[in-house]
Visitor: 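Mind looking over this structure? Questions follow.
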Amino acid sequence: PHGTDWQARAAYLGGHRAEPPEVDLPRHPTLREEELAKPGLNRETARKVAWWRIRQILFTYPLALVVAGLVLWALWRLIQAIAGPLPAWLLWFATFDTAVVEACLPGAF
């Protein structure tokens, strides 16, 4: 992805930037100063969180979209498999005559 936020995150994760980007810091000035004053362990944690967020956006969301698409496709195929002979069965239940079903829907059974 393009944009200044992503570029700032990538620079921070790569060690080319000393502090996290503005969007990853609290908005309140006092909280922001406290966050930046914390020891390096918290900055390392912030780097890990930023990396997981990037990975979530680039990998998890597209994977979820693909899985949802496959589930919908499988459900559609299941409905087609079940409903394929449905008109023939309904006609047979209405008439109890296989010859009428074969005449109206050839190859249904």
Side-chain angles (χ1 to χ4, degrees):
H2 302 286
T4 56
D5 295 339
W6 288 99
Q7 292 169 353
R9 281 187 181 123
Y12 179 66
L13 290 172
H16 304 291
R17 181 181 169 130
E19 60 185 47
E22 296 293 320
V23 294
D24 293 339
L25 293 172
R27 292 185 182 179
H28 192 274
T30 307
L31 295 175
R32 181 181 302 242
E33 290 173 10
E34 289 176 6
E35 182 66 29
L36 291 174
K38 289 181 180 177
L41 178 64
N42 291 324
R43 289 190 182 185
E44 187 60 34
T45 303
R47 286 183 182 175
K48 289 178 183 177
V49 169
W51 170 245
W52 277 104
R53 181 68 178 145
I54 290 170
R55 198 163 110 176
Q56 179 185 21
I57 290 171
L58 294 178
F59 179 71
T60 306
Y61 292 158
L63 181 64
L65 183 63
V66 167
V67 168
L70 288 175
V71 167
L72 286 175
W73 177 80
L75 184 61
W76 175 251
R77 296 297 294 173
L78 178 67
I79 290 171
Q80 289 297 315
I82 292 172
L86 184 62
W89 284 107
L90 292 176
L91 185 59
W92 183 81
F93 280 127
T95 62
F96 290 105
D97 189 1
T98 308
V100 171
V101 175
E102 285 295 329
C104 292
L105 300 169
F109 287 120

Visitor: Indicate if W51 and L58 have the same hydrophobic cluster label, given that clusters are the connected sets of ILVMFWY residues with side-chain heavy-atom separations under 4.5 angstrom.
Guide: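 They do share one cluster, since a chain of ILVMFWY contacts under 4.5 Å joins W51 to L58.
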Visitor: Heavy atoms only: give me the nearest L91-C104 pair and the separation to one decimal.
Guide: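 Nearest pair, atom of L91 first, then C104: CD2-CB, 3.7 Å.
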Visitor: Please report the interatomic distance OG1(T95) to CG(L90), rounded to the nearest 0.5 Å.
Guide: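 Between T95 OG1 and L90 CG, I get 10.5 Å after rounding to 0.5 Å.
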Visitor: In Å, rounded to the nearest 0.5 Å, how long is the span from OG1 of T60 to CZ of R53?
Guide: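 Going from OG1 on T60 over to CZ on R53, the span is 10.0 Å.
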Visitor: I57 and I54: same hydrophobic cluster, using ILVMFWY side-chain contacts below 4.5 Å?
Guide: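 Per the 4.5 Å side-chain linkage, I57 and I54 are co-clustered.
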Visitor: Rounded to the nearest 0.5 Å, what's the gap from CG on L65 to CG on L70? Could you check?
Guide: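 Nearest 0.5 Å value for the CG-CG distance: 10.0 Å.
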Visitor: Where do D97 and V101 land on the side-chain contact (heavy atoms from CB on, under 4.5 Å) test, with the steps shown first?
Guide: CA-CA 7 Å; D97 189 1; V101 175; over 6 Å; no
